There are 4 protein chains.
Amino acid sequence: MRKPLTKPRKEAAQERSRATVDALIAATARILVREGFDKASTNRIAAVAGVSVGSLYQYFPSKEALVAAVIERHQQDTLRIVRAELAQAANQPIERGVRTLVAMAVKAHRIDPKLHRVLAEQIPRVGKLEKVETFSRENYALFKAYLESHRQEIRAVDLELAAFVCVTSIEALTHTAVLHQEIASGEETEALIDEVTRLVVRYLTG
Amino acid sequence: MRKPLTKPRKEAAQERSRATVDALIAATARILVREGFDKASTNRIAAVAGVSVGSLYQYFPSKEALVAAVIERHQQDTLRIVRAELAQAANQPIERGVRTLVAMAVKAHRIDPKLHRVLAEQIPRVGKLEKVETFSRENYALFKAYLESHRQEIRAVDLELAAFVCVTSIEALTHTAVLHQEIASGEETEALIDEVTRLVVRYLTG
Amino acid sequence: MRKPLTKPRKEAAQERSRATVDALIAATARILVREGFDKASTNRIAAVAGVSVGSLYQYFPSKEALVAAVIERHQQDTLRIVRAELAQAANQPIERGVRTLVAMAVKAHRIDPKLHRVLAEQIPRVGKLEKVETFSRENYALFKAYLESHRQEIRAVDLELAAFVCVTSIEALTHTAVLHQEIASGEETEALIDEVTRLVVRYLTG
Amino acid sequence: MRKPLTKPRKEAAQERSRATVDALIAATARILVREGFDKASTNRIAAVAGVSVGSLYQYFPSKEALVAAVIERHQQDTLRIVRAELAQAANQPIERGVRTLVAMAVKAHRIDPKLHRVLAEQIPRVGKLEKVETFSRENYALFKAYLESHRQEIRAVDLELAAFVCVTSIEALTHTAVLHQEIASGEETEALIDEVTRLVVRYLTG
DNA sequence: AATGAATGAGACTTCATTCAT
DNA sequence: CATGAATGAAGTCTCATTCAT
């Protein structure tokens with residue numbers, strides 16, 4: 001790619017583009033959350049983002065691409081939390097480590113629960129959006145790695161299978177609890193974390 | 001806005017009617033499984049069922065009603081299994097009983113896994129189709145009742161919370177395992193049942 | 001039930017839009033006249049207007065709105081004539097004034113007799129399109145005002161009732177005469193105006 | 001599209017047939033009045049009449065034929081009144097005779113005002129239902145005959161034109177008054193008859 | 001690049017009419 | 001004759017996407 005003739009101008013242009021893209025993703029997320037997938041027409045998204053449909057198609061080749069970007073962004077937000085907490089857990093003993101991971105899962109689900117829900121419930125039908133799939137595999141791999149490095153603390157077990165059991169349970173429990181507002185108060189949250197931690201730890205040990 | 005009707009329009013009395021209704025529900029399920037919700041247009045469904053759109057609307061007031069009928073039918077199929085096995089579990093000690101229930105969950109998920117998946121992933125957006133919701137609540141209540149009648153075998157615990165943890169875990173694990181074909185062989189199935197049973201039993205006891 | 005929208009969706013700002021809107025209204029009127037209300041499907045209207053159905057719905061939220069626009073336009077055309085002639089009549093003595101008004105009614109009915117007929121005969125069923133109703137009430141009020149300001153020239157009478165009798169008669173006579181081509185020539189027209197004027201004047205006076 | 005047949009398929013000779021035909025016509029009229037033309041589907045009519053659609057088509061070759069039958073019946077009812085009163089008027093002097101005719105018109109319009117309205121407002125679009133047209137021509141001819149036999153009582157005048165003016169006025173005034181409930185009480189009715197009579201008599205005489 | 005008017009395939013649904021039983 | 005299930009053309013309207021300005 002060639003160098004710009006007037007640097008400031010290009011940057012300004014790039015900045016504006018960036019802003020438009022952001023506005024479009026934000027508008028999509030907002031409509032998805034407030035009105036559901038069916039109301040998220042491209043014209044409506046563009047209107048809410050304050051740009052024209054034409055501009056939308058300037059930056060996203062299709063509606064799917066837009067939804068994919070929303071998913072992507074949500075996953076990036078989630079990853080930021082995961083990375084921060086994962087390092088801690090790595091060096092903690094099993095009991096403490098699992099608790100950290102469960103707490104992290106709750107935290108991650110709380111980033112934008114309504115968006116998470118829409119993404120979980122309404123989006124798969126968009127076809128080959130396998131980002132979600134990929135993302136969960138990554139989770140699974142990370143957890144398996146954690147188990148491997150703590151193998152001496154757990155009973156003899158098929159790590160593959162154990163990781164599947166733990167990750168699926170943690171994900172389902174935190175997901176359901178957060179989405180169905182089962183854990184409104186901090187107290188309830190603590191209780192849930194206690195239970196899930198117990199579930200997983202007792203499963204892995206003894 | 002017109003209120004969405006989800007009840008069948010008329011009870012098919014004659015034999016020919018009954019056949020038409022069955023063909024429509026079957027066609028809907030088939031398209032749902034093979035091509036997804038978005039491809040399930042009323043014209044397509046009618047064509048696959050081998051009848052005219054007009055006949056479709058003679059028996060179902062809307063596309064939603066058709067999907068509701070598919071859900072209903074799937075749940076009836078599931079219930080048939082659940083009822084049969086539940087009686088057994090009731091009188092079994094915790095370890096044995098939980099295993100029975102887990103095995104039952106696997107069996108239930110295997111009735112028509114692909115349909116189950118579509119129903120689970122793509123249908124919520126159909127709005128007020130709360131059948132699924134209701135169904136899962138029922139599961140939860142049944143399990144809680146089981147725990148109550150075996151309270152002396154388990155540790156002191158908030159039964160409400162425990163039921164939530166167990167049901168959610170069993171459901172998620174069997175669902176995911178079946179859908180993602182993690183348990184193709186009978187051996188793998190047994191291994192999964194062992195693990196899930198252990199997960200739940202150790203959580204509830206000790 | 002969805003409430004019927006009869007207002008234009010957006011004000012056509014750009015020139016191209018304006019042309020599209022005009023073409024749509026014109027096409028609707030044309031089809032209404034040549035083929036009747038039942039043939040005026042949205043697809044047909046769009047085709048005749050030389051635009052796509054999509055464009056039709058960009059500017060009119062429903063078929064009704066389109067018909068409403070046709071009515072509106074026709075009434076505006078009519079009003080232009082009415083306003084011009086009414087001022088004259090106001091200061092003319094009863095005999096001369098009534099003649100002016102009758103002549104005006106004939107003229108108004110001749111703007112687009114066939115359209116007028118379709119609008120009069122086929123449109124009421126379009127439900128709450130009360131524009132016609134409103135319009136005729138206005139006529140009636142205007143005539144009553146005319147009578148009031150000429151009260152000394154007419155016999156003692158219930159003005160309300162008299163206005164009803166006169167307006168209804170004039171409207172029906174000019175309408176029928178024009179539509180059924182009873183007054184093709186100028187001579188016949190003059191004869192009709194004479195008769196109607198006589199009818200009304202003798203009714204009001206003496 | 002097939003050509004619309006508007007005559008009954010057969011002379012319903014048998015009593016049961018007669019009853020079915022009557023029920024169908026009555027059901028059509030009822031739905032027309034209560035719900036409007038658009039709701040009057042053949043299936044609905046058959047249902048309300050308590051027979052099957054198949055039977056409907058046994059007796060009426062099309063929906064149009066059914067509506068035509070309703071019109072026919074209404075006109076027969078009207079004619080019964082007209083014939084009864086017309087004889088009287090024939091031998092009455094102009095003032096008295098016109099009053100009789102006007103009163104008759106009011107009476108005729110009151111047979112079933114709502115049905116009359118629907119027939120007047122919603123039916124013309126059914127295309128070639130010229131019964132109404134024919135009917136009004138007959139009215140016009142009858143009145144012209146009346147004028148001819150009383151020619152010595154009225155001013156020198158084009159009878160053709162005079163009949164047109166009188167019939168159109170009487171029809172429009174009684175029609176509008178009855179339909180728009182301007183003459184609820186007997187007193188109001190008398191007042192209207194007075195006015196219309198005056199209108200016509202003074203027009204014809206002097 | 002931005003704009004927004006225009007496009008048109010296709011979705012859902014109704015209803016007059018036919019025909020097998 | 002009666003029944004009512006079946007038909008399918010046709011109508012209204014939406015929305016992802018394109019393209020002239």
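The basis for the numbers below is simple: all heavy atoms, side chains too, and nothing from hydrogens, waters or symmetry mates. Below, chains carry the letters A, B, ... as their sequence lines are ordered, and counting in each starts from 1. This structure is a prediction, so every number in the text was calculated from the model and none was measured.
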- Message: Please report the distance, rounded to the nearest Å, between CD in D/Gln58 and P in E/dT18.
- Response: 12 Å

- Task: For A/Phe60, answer base if it contacts any base atom (sugar-phosphate contacts may also be present), sugar-phosphate if it contacts only those atoms, and nothing otherwise; contact means non-hydrogen atoms under 4.0 Å.
- Result: nothing

- note: C/Leu24, atom CG; F/dC13, atom C1'; distance rounded to Å ~ 15 Å

- Message: Please check: side-chain N/O of C/Ser62 versus main-chain N/O of C/Ala65, any donor-acceptor pairing under 3.5 Å?
- Response: yes

- Can you check whether C/Ser55 has a side-chain N or O nearer than 4.0 Å to OP1 or OP2 of E/dA5? no

- Task: Mind listing the closest non-hydrogen atom pair of A/Ala23 and A/Ala49 along with its distance?
- Result: O-CB, 3.6 Å

- Message: Do C/Phe60 and C/Ile25 have side chains that approach each other closer than 4.5 Å (heavy atoms only, starting at C-beta)?
- Response: yes

- Task: Return the value, rounded to whole Å, for the distance between atom CD1 of B/Ile45 and atom P of F/dT7.
- Result: 16 Å

- Query: Among A/Thr28, A/Leu24, A/Ile31, which one satisfies side-chain contact (heavy atoms from CB on, under 4.5 Å) with A/Val48?
  - Reply: A/Ile31

- What integer distance in Å separates C/Leu66:CG from F/dG11:C1'? 15 Å

Collect all protein-nucleotide pairs involving nucleotides 10-12 of chain E in which both atoms are nitrogen or oxygen and the distance is under 3.5 Å.
residue: E/dC12; atom: OP1; partner: B/Lys63; partner atom: NZ; Å: 3.1
residue: E/dC12; atom: OP2; partner: B/Thr42; partner atom: N; Å: 2.7
residue: E/dC12; atom: OP2; partner: B/Thr42; partner atom: OG1; Å: 3.2

- Item | Below 4.0 Å: OP1/OP2 of E/dA6 and any side-chain N or O of C/Tyr59 | yes

- Message: As an exercise, state the distance from CD1 of B/Ile45 to CG of B/Leu66, rounded to the nearest 0.5 Å.
- Response: 4.5 Å

- Query: Does NZ or CZ of D/Lys63 lie under 6.0 Å from the centre of the six-membered ring of D/Tyr57, at an angle within 45° of the ring axis?
  - Reply: no

- Separation of C/Leu56 atom CG from E/dA5 atom C1', in whole Å? 14 Å

- How close or far is atom C1' of F/dC15 from atom CZ of A/Phe37, stated in whole angstroms? 12 Å

- Task: Output every pair passing salt bridge (charged side-chain N to carboxylate O under 4.0 Å, His left out) with a member in residues 20-33 of chain B, not counting sequence neighbours, ordered by first then second residue.
- Result: B/Arg18-B/Asp22

- Message: Between B/Ile71 and B/Val67, is the side chain to side chain contact (heavy atoms under 4.5 Å, CB included) condition met? List the steps.
- Response: CA-CA 6 Å; B/Ile71 293 176; B/Val67 174; 4.2 Å; yes

- Looking at B/Ser52, does any N or O in its side chain come under 4.0 Å of the phosphate oxygens OP1/OP2 on F/dT7? yes

- Stems involving DNA chain F: give each as a range paired with a range, ordered by first number, where a stem means at least three consecutive Watson-Crick or G-U wobble pairs under 3.5 Å. E:2-21 with F:2-21

- Judged by modelled atom types alone, do D/Ser17 and D/Tyr59 share a side-chain donor-acceptor pair under 3.5 Å? yes

